[in-house]
Peer 1: 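Got a structure here, written out as structure tokens. Questions coming.
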Amino acid sequence: MTFTQRLIKYLMGVSIGLVFVAMAFGPRAFSCNYFPNARVLEEATAKNLKLSNDAATFFETEKLDSNFLQKKLFKKSKIDFDKSNKDGVPCRTYLADYNDDTKNYQMVFEVCRETSKLVSITKK
């Protein structure tokens with residue numbers, strides 16, 4: 001068998017193998033956040049997120065909706081871990097800042113075992 005014949009058979013085997021690997025390990029529906037800020041915000045939104053009365057009235061007065069809450073506020077905030085109570089029992093309390101071109105907010109939220117709660121949000 002010549003070198004070109006062996007190369008062709010090798011490439012055919014590799015391509016068939018790649019097809020099987022792509023079918024077995026194809027696109028997955030998971031993601032992983034490696035940094036502590038992203039992990040805490042992801043955990044808060046993954047659980048059943050509730051608003052306190054103060055936060056609900058603030059959302060009404062500022063005319064903010066739940067889309068802003070899920071897509072922007074809990075995705076682009078920076079947590080101040082020095083001022084947060086990350087070892088609290090039964091709920092950990094975090095202080096986070098949201099800075100945008102037009103909006104600057106400071107929020108306090110709790111992450112419990114099964115739920116998370118936006119305790120307060122204020123304008124900076």
Side-chain angles (χ1 to χ4, degrees):
M1 194 182 304
T2 65
F3 175 74
T4 56
Q5 289 175 335
R6 283 186 282 163
L7 182 64
I8 290 171
K9 289 186 180 190
Y10 172 77
L11 291 176
M12 285 176 41
V14 167
S15 63
I16 291 172
L18 286 175
V19 168
F20 283 124
V21 167
M23 287 173 32
F25 302 109
R28 302 286 179 172
F30 69 90
S31 64
C32 184
N33 295 318
Y34 295 105
F35 297 110
N37 190 66
R39 287 196 328 232
V40 170
L41 292 173
E42 181 69 30
E43 181 184 8
T45 56
K47 296 181 179 185
N48 188 10
L49 183 63
K50 297 179 182 178
L51 297 176
S52 69
N53 292 334
D54 294 337
T57 56
F58 182 83
F59 269 73
E60 289 175 10
T61 58
E62 290 291 318
K63 296 181 178 63
L64 301 174
D65 58 351
S66 62
N67 190 27
F68 174 77
L69 179 71
Q70 294 286 337
K71 302 285 184 192
K72 291 189 178 181
L73 192 64
F74 273 98
K75 295 292 181 191
K76 298 180 181 179
S77 295
K78 296 288 182 188
I79 297 175
D80 188 358
F81 286 101
D82 293 333
K83 295 179 183 175
S84 299
N85 183 10
K86 25 186 200 305
D87 298 323
V89 175
C91 298
R92 301 180 311 266
T93 305
Y94 295 100
L95 177 76
D97 294 325
Y98 174 79
N99 296 320
D100 197 2
D101 295 336
T102 59
K103 300 174 183 172
N104 294 324
Y105 299 123
Q106 186 174 32
M107 66 177 178
V108 177
F109 64 96
E110 294 178 345
V111 178
C112 300
R113 185 173 293 246
E114 295 182 13
T115 62
S116 60
K117 181 179 182 181
L118 183 61
V119 177
S120 68
I121 181 168
T122 57
K123 224 178 209 186
K124 287 201 298 184

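The structure presented is a predicted model; accordingly, all values stated were derived computationally and were not measured. Atom set for the values below is all heavy atoms of this structure, side chains included, hydrogens, waters and symmetry mates excluded.
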Peer 1: If you measure from CG on Leu69 to CE on Met107, what distance do you get to the nearest 0.5 Å?
Peer 2: 8.0 Å

Peer 1: Does Ile8 sit in a hydrophobic cluster with other residues, and if so which ones, taking ILVMFWY side chains as linked at heavy-atom separations under 4.5 Å, directly or through other members?
Peer 2: Met12

Peer 1: Nearest 0.5 angstrom please: Lys78 NZ to Asp97 CG, how far?
Peer 2: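 That separation rounds to 11.0 Å.
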
Peer 1: Is the closest side-chain heavy-atom distance between Leu49 and Gln70 below 4.5 Å?
Peer 2: yes

Peer 1: Report yes if the side chains of Met1 and Lys9 come closer than 4.5 Å at any heavy-atom pair, otherwise no.
Peer 2: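 When only atoms from C-beta onward are counted, Lys9 and Met1 do touch, with a gap below 4.5 Å.
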
Peer 1: First locate atom CG of Leu118, then atom CZ of Phe58, and finally report the distance between them rounded to the nearest 0.5 Å.
Peer 2: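 The CG atom of Leu118 sits 9.5 Å away from the CZ atom of Phe58.
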
Peer 1: Show every side chain to side chain donor-acceptor pair (under 3.5 Å) that has at least one partner inside residues 50-64, sequence neighbours left out.
Peer 2: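 Residue pairs passing side chain to side chain donor-acceptor pair (under 3.5 Å), neighbours aside: Glu62-Lys123.
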
Peer 1: What distance separates Asn85 CG from Glu110 CD, expressed to the nearest 0.5 Å?
Peer 2: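 If I round to the nearest 0.5 Å, the distance is 9.5 Å.
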
Peer 1: Looking at residues at least two apart in the chain, or sitting in another chain, which of them share a side chain to side chain donor-acceptor pair (under 3.5 Å) with Thr4?
Peer 2: Thr2

Peer 1: Which pairs, with at least one residue in residues 52-108 and sequence neighbours excluded, count as a disulfide (SG to SG under 2.5 Å)?
Peer 2: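 Sorted result for residues 52-108: Cys91-Cys112.
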
Peer 1: Excluding sequence neighbours, so at least two apart, what forms ring pair (Phe, Tyr, Trp, His ring centres under 6.0 Å) with Phe74?
Peer 2: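 Testing Phe74 for ring pair (Phe, Tyr, Trp, His ring centres under 6.0 Å), a comparison that skips the adjacent residues, returns Phe109.
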
Peer 1: Could I get the full list of side chain to side chain donor-acceptor pair (under 3.5 Å) partners for Tyr105, not counting sequence neighbours?
Peer 2: none

Peer 1: In the hydrophobic clustering that connects Ile, Leu, Val, Met, Phe, Trp and Tyr at side-chain heavy-atom distances below 4.5 Å, which members other than Val119 occupy its cluster, ordered by chain and number?
Peer 2: Leu95, Val108

Peer 1: What's the separation between atom OG1 in Thr93 and atom CG in Asp87, rounded to the nearest 0.5 Å?
Peer 2: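 Those atoms lie 11.0 Å apart.
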
Peer 1: Under the side-chain contact (heavy atoms from CB on, under 4.5 Å) rule, collect the residues that match up with Lys86, sequence neighbours excluded.
Peer 2: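 side-chain contact (heavy atoms from CB on, under 4.5 Å) check on Lys86 returns Phe81, Tyr94.
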
Peer 1: Give the other cluster members for Tyr34, using side-chain heavy-atom distances under 4.5 Å between Ile, Leu, Val, Met, Phe, Trp and Tyr residues; answer none if it is isolated.
Peer 2: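 Same cluster as Tyr34: nobody, lone residue.
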
Peer 1: Are Leu41 and Phe35 connected, step by step, through hydrophobic side chains (Ile, Leu, Val, Met, Phe, Trp, Tyr) whose heavy atoms are closer than 4.5 Å?
Peer 2: no

Peer 1: Using a 3.5 Å distance criterion without hydrogens, assess whether the side chain of Asn37 forms a donor-acceptor pair with backbone atoms of Ile79.
Peer 2: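 Indeed, once roles are kept as given, a pair shorter than 3.5 Å links the two residues.
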
Peer 1: Could you list who else is in Val21's hydrophobic cluster, with ILVMFWY side chains joined at under 4.5 Å, directly or through other members?
Peer 2: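 Its cluster mates, by chain and number, are Phe25.
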
Peer 1: If a pair satisfies salt bridge (charged side-chain N to carboxylate O under 4.0 Å, His left out) and one of its residues is in residues 31-48, list it, with sequence neighbours excluded.
Peer 2: Glu42-Lys75, Glu43-Lys47, Glu43-Arg92

Peer 1: Taking only residues two or more places apart in sequence, or in another chain, which ones meet Asp80 in a side chain to side chain donor-acceptor pair (under 3.5 Å)?
Peer 2: none

Peer 1: Atom OG of Ser77 and atom CD of Gln106: how far apart are they, to the nearest 0.5 Å?
Peer 2: 10.5 Å

